[in-house]
Protein chains: 2
Amino acid sequence: MELNDLPKLHSDFSVDCVVFGFDKGELRILLIERAEEPFKDFLALPGNLVYDNENIDQAANRVLSELTGLNDVYMEQLYTFGDVNRHPQGRVITVAYFSLIKVKKHTLNPLSAYAKKAQWFSVADLQPLAFDHQQILEKAYKRLQNKIRYQPIGFELLPEKFTLSQLQQLYEVILEKPIDKRNFRKKILSFGLLIELDEKQKNVSHRAAKLYKFNKTRYNNLKKMGFSFEL
Amino acid sequence: MELNDLPKLHSDFSVDCVVFGFDKGELRILLIERAEEPFKDFLALPGNLVYDNENIDQAANRVLSELTGLNDVYMEQLYTFGDVNRHPQGRVITVAYFSLIKVKKHTLNPLSAYAKKAQWFSVADLQPLAFDHQQILEKAYKRLQNKIRYQPIGFELLPEKFTLSQLQQLYEVILEKPIDKRNFRKKILSFGLLIELDEKQKNVSHRAAKLYKFNKTRYNNLKKMGFSFEL
DNA sequence: TTAGGATATTGTATAAATTACACTAAAGAT
DNA sequence: ATCTTTAGTGTAATTTATACAATATCCTAA
């Protein structure tokens with residue numbers, strides 16, 4: 001059989017965005033409530049079809065912007081899901097993207113009536129999602145757990161200024177295990193990627209902790225030189 | 001602007017397979033010489049369009065089988081390439097797959113006249129490839145270098161029975177750096193994933209080395225229990 | 001038969017990294 | 001003033017990583 005004798009088939013092609021945030025001690029994910037069938041009223045990852053004249057990465061940014069109001073968000077490709085029956089209305093292949101953002105730094109403001117609203121939900125307890133979005137989320141969560149062990153991506157999820165305890169709590173939540181405080185601090189500080197600020201926490205009813213910020217310049221330099229940062 | 005007002009656009013959708021092998025001390029990749037335009041006579045990754053009634057993983061296996069004669073090859077998804085201009089004849093989004101096989105265990109035997117022939121080429125010195133396949137290969141090679149550091153995938157590329165020196169040479173070729181022999185053996189054997197056979201190399205003009213085989217059962221058990229195998 | 005060439009095999013001492021573990025300090029609340 | 005809560009800090013023991021070289025075995029060729 002010769003391949004070219006077969007009919008040329010077409011699929012719809014979409015992107016879905018898994019956007020993680022961290023707030024009030026919990027890992028969160030950005031979801032929209034669907035306003036239309038299929039899966040009307042279900043929670044879903046922000047996603048939509050890719051135009052023929054845009055690259056996939058661009059499409060991911062455009063779709064996220066339209067559905068949530070988030071702009072200029074760094075996203076990396078996660079995985080492509082293309083099971084024949086993943087969409088009830090026909091073949092739709094979707095490329096999932098993965099992103100980490102500072103919740104407080106962005107406001108949610110969807111342009112599209114397609115989504116009722118975009119909101120943060122705790123990853124820990126979620127109702128069932130539309131389509132195969134549960135599966136996509138699981139893949140993204142595993143990627144996050146894996147990635148945080150060798151790249152200092154935790155800083156993406158925290159405010160510009162943060163305490164070491166906040167950073168540790170983030171790691172504990174993502175990795176789902178307790179971490180020794182002294183060893184964690186020793187290790188994290190040994191990377192030399194934190195700048196200690198002349199500033200302390202405010203409005204806490206206990207000893208205020210020092211604030212730190214992430215040294216992005218130094219990180220980029222070290223990364224270029226092939227350093228890695230295993231926790 | 002409402003998304004649903006826009007015309008529904010269609011793209012072609014393909015898979016491409018990056019199949020690595022190891023032979024005569026070199027890392028090799030399976031390529032076909034294209035028999036048709038575009039990129040007639042160029043070397044290319046085995047790849048073709050996905051049918052609407054098959055999952056992407058299935059498509060990768062079918063396409064590889066048709067173009068090279070290789071069947072039942074384990075493949076994992078690598079990355080999706082979808083730049084608007086990656087294909088000169090229109091928008092084609094492609095999912096790249098990644099595979100490691102034992103060269104000697106398979107014979108190449110393409111069914112399709114689409115490819116002149118499928119052959120192994122040394123990764124070290126390659127002429128330019130068709131489309132963006134150079135870029136795909138680079139991504140795959142990086143994935144291989146990364147993966148071999150924490151998963152014992154080297155065994156996939158060697159014959160059933162192999163010597164520790166062969167294994168070390170494979171690691172050195174892939175990682176592009178020399179490795180200390182004693183430390184390498186210590187480390188590899190400490191995983192407990194090798195079975196020492198009562199057998200030695202034959203037909204070598206020097207001291208014959210012991211042969212080992214990979215303990216796949218034990219590997220699967222340990223993997224299930226969450227062990228990792230960092231080199 | 002023997003000497004030489006090639007690769008296989010093995011251990012140890014040192015340095016570095018990881019782990020386990022508990023008390024004092026600071027700040028606000030009562 | 002004292003209580004509560006979280007911040008901040010060091011060391012000893014263990015494990016892991018690294019650097020390094022001599023002997024063993026087998027084949028080849030003189």
Go nucleotide by nucleotide along DNA chain C from the 5' end; which of S205(A) and D180(A) gets its closest nucleotide reached first?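 In this pair, the answer is D180(A).
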Remember a base hit wins even if backbone is also touched, and classify K202(A) as base, sugar-phosphate or nothing at under 4.0 Å, heavy atoms.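 Contact class for K202(A): none.
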Answer with base, sugar-phosphate or nothing: what part of the nucleic acid does K187(A) contact at a heavy-atom distance below 4.0 Å?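 Sugar-phosphate contact only.
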Write down the distance between [atom1] ([X]) and [atom2] ([N]), rounded to a whole number of angstrom.
| X | N | atom1 | atom2 | result |
| --- | --- | --- | --- | --- |
| Q166(A) | dG8(D) | CD | C1' | 15 Å |
| I179(A) | dT19(C) | CD1 | P | 11 Å |
| N203(B) | dT28(D) | CG | C1' | 14 Å |
| Q201(A) | dG8(D) | CD | C1' | 13 Å |
| E230(B) | dT16(D) | CD | C1' | 12 Å |
| K210(B) | dA24(D) | NZ | P | 15 Å |
| K177(B) | dT18(D) | NZ | C1' | 12 Å |
| R207(B) | dA6(C) | CZ | C1' | 12 Å |

Nearest of dT6(D), dA8(C), dC20(D) to any side-chain atom of N183(B)?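 Taking heavy atoms from C-beta onward, the closest nucleotide is dC20(D).
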Could you please name the option among dA29(C), dT12(C), dT9(D) that lies closest to any side-chain atom of K186(B)?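 Nucleotide nearest to K186(B)'s side chain: dT12(C).
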OP1 or OP2 of [N] less than 4.0 angstrom from a side-chain nitrogen or oxygen of [X], does that happen here?
| X | N | answer |
| --- | --- | --- |
| R185(B) | dT9(C) | yes |
| S165(B) | dA8(C) | yes |
| K200(B) | dT25(D) | no |

For K161(B), is the NZ atom crowded, meaning more than 12 foreign heavy atoms sit under 6.0 Å from it?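 12 or below, so no.
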Could you go through the salt bridge (Lys or Arg N to Asp or Glu O under 4.0 Å) check for E172(B) and K177(B) one step at a time? CA-CA 5 Å; E172(B) 288 178 332; K177(B) 68 173 188 197; over 6 Å; no
Quick one: closest heavy-atom pair of F81(B) and R86(B), and the distance?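 Where F81(B) meets R86(B) most closely, the heavy atoms are O-CD, 3.5 Å.
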Let's go through Y150(A) and F229(A) carefully: what are the C-alpha distance in whole Å and the side-chain angles of both, what is the deciding distance for ring-ring contact (aromatic ring centres under 6.0 Å, His included) to 0.1 Å, and is it a yes or a no? CA-CA 5 Å; Y150(A) 61 90; F229(A) 306 90; over 10 Å; no
Between E26(B) (side chain only) and D23(B) (backbone N and O only), is there a donor and an acceptor less than 3.5 Å apart?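 The answer is no, because no donor-acceptor pair under 3.5 Å joins these two groups.
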